[in-house]
Number of protein chains: 2
Amino acid sequence: MKTLVEPTLNLPEPNAHNHQQCVHDALKTAEHLCSERGVQLTSIRHQVLELIWESHKAVKAYELLDRIKPLQNAAKPATIYRALDFLIAQGLVHRVESLNAFVGCRCSGHQHEQLLLICKQCEEVEERTAGKVMQALAEEFRQAGFTAHSKAVEVHGLCRRCAGLGEA
Amino acid sequence: MKTLVEPTLNLPEPNAHNHQQCVHDALKTAEHLCSERGVQLTSIRHQVLELIWESHKAVKAYELLDRIKPLQNAAKPATIYRALDFLIAQGLVHRVESLNAFVGCRCSGHQHEQLLLICKQCEEVEERTAGKVMQALAEEFRQAGFTAHSKAVEVHGLCRRCAGLGEA
DNA sequence: AAGCGGATGATATAATATAGCCCATAACCA
DNA sequence: TGGTTATGGGCTATATTATATCATCCGCTT
């Protein structure tokens, strides 16, 4: 299986962190989880996950398709959507509803419902556990007599860095 | 301008309320707001709004298109999307991101960010102000240094009635 | 070898949304 | 009066996102 990494070359890497490490951890975690669960993190699925983790931006399905073609010549939309379905089912990827796009999940395997902070400027998505928010939601559900199955809390705005640059 | 109402005939109207009154109020409110704001609630926009309010379910753009054709023979996708853009900008309609669908807004003209409770069974959307949730969100934003521009809090699950029926 | 299930290949098409150009109307102003 | 602009909307085309369906392959079990 070919690999994709090509250490992000000289892309301006926005948030100060060791992204290679970050990707590496995410992939290792995914491998362990799938192995534990007895599900197959196949070559295609692994490649899609790797592509998603190339940045912390939400990425579109057809963008993934274009980018996987050099590696999987036969790739078609269904190829990507099937891989995404799997990755989402395993909690390895979030679907960002408001963008029709996908982002790597940092809390893979945990059950936390997440808050996604989506920066309009740099397009990066920050994931937060936001316990208080989820508690307050739970109380709303109780009052409304609503049985929640899935929560999508997506907020668009400016991240700290981009807001800071705007002011400067 | 033709009208659409045809008093919901014998559709099983789920939630116990006077829906005709409900629609009437929504339309009147919309008319007043647009007039106050000096924007045009044109015939097409009014018809689209009326169609959206036919139920409390989220409705798809192309469903609206099909349903408006008897009245607006020339209607094309852009006809609907333009009307929707307007109605959303005026806060008269919510876009439900997780469904790519649209629902009438009950708090038109107010600035409240809303919580949308979307029932998987009856497909109705309940809108709640959820002050505590929004407060908790605000606190998260502060911690994250995030400047929020739009919040979409959409939850899928079962409404009180449908959950009740399930148990029964 | 036969049969099974999961993953993928291959083709087609459905569903959702926007771009771009033109024209009609109304409001405003020189 | 005539020019100019802004807004709404018709029309054609096309972009983008997503799924359905059937065939094939591969590893595993019997």
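The structure displayed is predicted, hence computed values, not measured ones. Here is how names work: the chains are called A, B, and so on, in the same order as the sequence lines, proteins then strands, and each is numbered from 1. Values below: all heavy atoms of this structure, side chains included; hydrogens, waters and symmetry mates excluded.
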Original post:
With respect to the phosphate group of C:dA17, does any side-chain polar atom (N or O) of B:Y81 fall under 4.0 Å of OP1 or OP2?
Top reply: yes
Original post:
Hey, what's the ring geometry for A:H17 with A:H56, parallel, tilted or perpendicular (30° and 60° as the breaks)?
Top reply: tilted
Original post:
A:N73 CG to C:dA10 C1': how many Å, rounded?
Top reply: 13 Å
Original post:
Taking atom C1' of C:dT18 as reference, at what distance in whole Å does atom CG of A:N100 sit?
Top reply: 14 Å
**OP:** Could you check how far CG of A:D85 sits from P of D:dT17, rounded to whole Å?
**Re:** 16 Å
Original post:
Taking the inter-plane angle between the rings of A:F102 and A:Y81 on a 0 to 90° scale, is it parallel (under 30°), tilted (30 to 60°) or perpendicular (over 60°)?
Top reply: perpendicular
Original post:
Between B:E97 (CD) and C:dT16 (P), how many Å, whole number?
Top reply: 14 Å
**OP:** Calculate the interatomic distance between A:Q47 atom CD and C:dA7 atom C1'; express it in whole Å.
**Re:** 14 Å
Subject >> Under 4.0 angstrom between A:R95 side-chain N/O and D:dT17 OP1 or OP2 >> reply: no
**OP:** Spell out yes or no: do the side chain of A:R82 and the base of C:dG6 have one donor N/O and one acceptor N/O closer than 3.5 Å?
**Re:** no
Original post:
Rounded to whole angstrom units, what separation is found between the CG atom of A:L87 and the P atom of C:dA7?
Top reply: 12 Å
**OP:** Kindly compute the distance separating CG (A:L116) from NE2 (A:H156), expressed to the nearest 0.5 Å.
**Re:** 9.0 Å
Original post:
Can you tell which of C:dA10, C:dA17, D:dG9 lies closest to the side chain of B:R45?
Top reply: D:dG9
Subject >> Minimum-distance nucleotide to A:K76 side chain [options: D:dG10, C:dT11, D:dA18] >> reply: C:dT11
**OP:** Could you grab the distance from atom NZ of B:K76 to atom CD1 of B:I68, nearest 0.5 Å is fine?
**Re:** 12.5 Å
**OP:** Examine the base of C:dA17 for any acceptor or donor lying under 3.5 Å from a partner atom in the side chain of B:Y62, and report the outcome as yes or no.
**Re:** yes
**OP:** State which of D:dC11, C:dT11, C:dG9 makes the closest approach to the side chain of A:I44.
**Re:** C:dG9
Subject >> Nearest to side-chain heavy atoms of A:T42, which nucleotide of D:dG9, C:dA7, D:dT17 >> reply: C:dA7
**OP:** Taking only the side-chain heavy atoms of A:T79 (C-beta and beyond), determine which of C:dA17, D:dA18, C:dG9 contains the nearest atom.
**Re:** C:dG9
Subject >> Spacing of B:F86 atom CZ relative to C:dA17 atom C1', expressed in whole Å >> reply: 20 Å
**OP:** Could you work out which one of C:dG6, C:dG9, C:dT16 sits closest to the side chain of B:K60?
**Re:** C:dT16
Original post:
What is the distance from CG of B:L99 to P of C:dA17, rounded to the nearest Å?
Top reply: 11 Å
Original post:
Under the salt bridge (Lys or Arg N to Asp or Glu O under 4.0 Å) test, which residues partner A:R45, sequence neighbours left out?
Top reply: none
